[in-house]
There are 2 protein chains.
Amino acid sequence: MVKKQRSLQRREESLSRDSIIEASVALLDSGGEDGLTFRALSERLSTGPGAIYWHIADKSDLLTAACDSVVARTIHEIVETTPEETIRAIAAGLFDAISTHPWIGSALTSAPGASPIVRIVESIGQQICQLHVPETHQWTAAGALMAFILGVSSQNAANGQLARRQNLDRTDFLEALSTTWSQLDPEEYPFARSVAGRIRDHDDRADFLAGIDLILMGIESMRLRSQA
Amino acid sequence: MVKKQRSLQRREESLSRDSIIEASVALLDSGGEDGLTFRALSERLSTGPGAIYWHIADKSDLLTAACDSVVARTIHEIVETTPEETIRAIAAGLFDAISTHPWIGSALTSAPGASPIVRIVESIGQQICQLHVPETHQWTAAGALMAFILGVSSQNAANGQLARRQNLDRTDFLEALSTTWSQLDPEEYPFARSVAGRIRDHDDRADFLAGIDLILMGIESMRLRSQA
DNA sequence: ACACTAATGGAACGGGATTCCATTCCCAAG
DNA sequence: CTTGGGAATGGAATCCCGTTCCATTAGTGT
């Protein structure tokens, strides 16, 4: 089943792992997670499902690979400046990538420790090092940042998909959510009611970056504390 | 399709939404996300799939309901002390609940704005209020905490499931991950290599709670800053 | 030219969610 | 006590998915 190394292409327009992944990303982007099926894929590549299995282990392999190709591209585009700024750029880049390709969110959570995750840990970790976080706390800091970035971005992407399923745009969706929350039982849900209004016209991306700053502040005070 | 209100039970051992949800939770707990199928469910309830659809809209409805029942129970068990301590308790409670019922993680991300999420936002938000966070920042703080809690817990649960699929216990799994990371290219992945050792015997739960403290510290400095 | 293997592609299988519908059950009106 | 009708049931049937199987093809070293 493992593909042997081969220096020469066999047919001109042959199937290849890369071309399959490229087509998968296109299908995922246009049709969401359900858009990627081996039937749709084989039709798009004008071949049969069997041929695809020669190059790919199974669907989860395919999903991880598609994910990795997008994550790699995203991280590669980051330009490095100060550590804090670079972390913000990584965060924003991933947030935007997951907004554009909502399927990445769920793909990442079902591929722990795999290639895309390592890329992300690495790019964040390098900045953490430059922030002079003591070695014993580096993993905590990097892990917290990564979890937060993936958690919020995925949640945000899921929101967008839910809205799309109901044929609403973002504004209408938030409007509906805000209305629902404001009609909750005041006894049981005072907080949800009180923030309902703010939900309506908040900016997810800005909130997300505010959260990143919150964590960066926390890392800073942790660093100061451990130096003392 | 909507079930009309009925004050009287029709048959003694009849199907009910609650009994279906209870059975679903049992199936999910014993067999993971794939354990819940309408076939298995109808067999366990000794009925047909059609009967279930009378009480439940579709599978996502079922999953959200199962999720809600566990989340509600978890949050109900929290005993309120100081705001910080209560937030830690909520966080730990959800972390543990998601560890025990790994399927909750993915169920939550695919049900944004729905009942279980509202419960969580509410319980966290009430504590945020008591921390005297200015109203304009309450949503940022509560949202960041929730995203972090769900993000890390889900990731952790996903790790556990991956390990289980490979028939490894947690230690062996971390061992394998650590080894893989330590063999990465030193040029490209210096950070992942350097933390590989620490991964081996780290405590996910402790790291998680450390991350919560990180965010709480951040919230504190935000509060101080906005007061000045 | 031959044989051998990498690669292909389409048919078939098992199992999932969901729908459909004939049937059963219970209450309430006559 | 009968009976009409809606609530509820359960099993068969549908449609689509991932995956496997296998006969066939296309290049390549001999």
Side-chain angles (χ1 to χ4, degrees), chain A residues 1-24 27-28 30-67 103 106-107 110-111 165, chain B residues 1-24 27-28 30-67 103 106-107 110-111 165:
Chain A
M1 288 309 153
V2 176
K3 189 183 181 187
K4 299 250 181 70
Q5 279 206 4
R6 270 259 172 185
S7 51
L8 1 100
Q9 301 183 350
R10 291 175 44 81
R11 305 178 198 178
E12 267 324 304
E13 268 311 310
S14 72
L15 226 46
S16 72
R17 194 166 214 272
D18 283 345
S19 62
I20 293 175
I21 291 171
E22 193 186 346
S24 301
L27 281 174
L28 285 163
S30 70
E33 303 185 59
D34 298 341
L36 178 62
T37 69
F38 279 81
R39 296 205 215 279
L41 195 54
S42 48
E43 189 177 357
R44 178 178 255 264
L45 296 167
S46 40
T47 177
I52 295 172
Y53 273 88
W54 181 259
H55 301 274
I56 251 96
D58 53 17
K59 190 166 184 181
S60 106
D61 179 27
L62 185 55
L63 215 59
T64 308
C67 195
W103 47 274
S106 43
S110 50
R165 250 194 301 281
Chain B
M1 288 308 155
V2 176
K3 189 182 180 189
K4 299 251 182 67
Q5 280 206 4
R6 267 264 172 180
S7 51
L8 5 98
Q9 300 182 349
R10 292 174 43 80
R11 301 174 202 182
E12 267 326 303
E13 269 312 311
S14 73
L15 226 47
S16 72
R17 193 164 215 272
D18 284 345
S19 62
I20 294 175
I21 292 171
E22 193 186 345
S24 301
L27 281 174
L28 286 163
S30 69
E33 302 185 62
D34 298 341
L36 179 62
T37 69
F38 278 82
R39 291 206 224 277
L41 194 54
S42 50
E43 189 176 358
R44 179 179 256 262
L45 295 167
S46 40
T47 180
I52 295 171
Y53 273 89
W54 181 259
H55 301 275
I56 252 96
D58 54 18
K59 190 166 185 182
S60 105
D61 180 27
L62 185 55
L63 215 60
T64 308
C67 196
W103 48 273
S106 45
S110 52
R165 251 194 302 280

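To find a chain, count down the sequence lines: A is the first, B the second, and so on, and within it residues start at 1. Fair warning: this is a prediction, and the values are worked out from it, not measured in the lab.
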What integer distance in Å separates [X]:[atom1] from [N]:[atom2]?
X	N	atom1	atom2	answer
A:Lys59	D:dG18	NZ	P	4 Å
A:Asp58	D:dT20	CG	P	8 Å
B:Ile20	D:dG10	CD1	C1'	13 Å
B:Arg44	D:dG10	CZ	P	17 Å
A:Glu33	D:dC16	CD	P	20 Å
A:Asp34	C:dA17	CG	P	13 Å
B:Glu43	C:dG16	CD	P	11 Å
A:Ile52	C:dG10	CD1	P	11 Å

Expected output: side-chain A:Ser42 to main-chain A:Arg39 donor-acceptor under 3.5 Å: yes
Short side-chain to backbone donor-acceptor contact, A:Ser110 and A:Ala107, under 3.5 Å: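 The answer is yes, because a donor-acceptor pair under 3.5 Å joins these two groups.
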Does [N] have its OP1 or OP2 closer than 4.0 Å to a side-chain nitrogen or oxygen of [X]?
X	N	result
B:Arg39	C:dG16	yes
A:His55	C:dA6	no
A:Trp54	C:dA7	yes

Contact check, side chains of [X] and [Y], non-hydrogen atoms, under 4.5 Å:
X	Y	result
B:Glu43	B:Leu27	no
B:Lys59	B:Leu36	yes
A:Ile20	A:Ser24	yes

Nearest to side-chain heavy atoms of [X], which nucleotide of [options]:
X	options	result
B:Ala51	C:dT8, D:dG18, D:dT9	D:dT9
B:Tyr53	D:dT9, C:dT19, D:dC17	C:dT19
B:Leu15	D:dT19, D:dC17, D:dT9	D:dT9

Sugar-phosphate, base or nothing in reach of B:Ile56, heavy atoms under 4.0 Å: nothing
Sugar-phosphate, base or nothing in reach of A:Leu41, heavy atoms under 4.0 Å: nothing
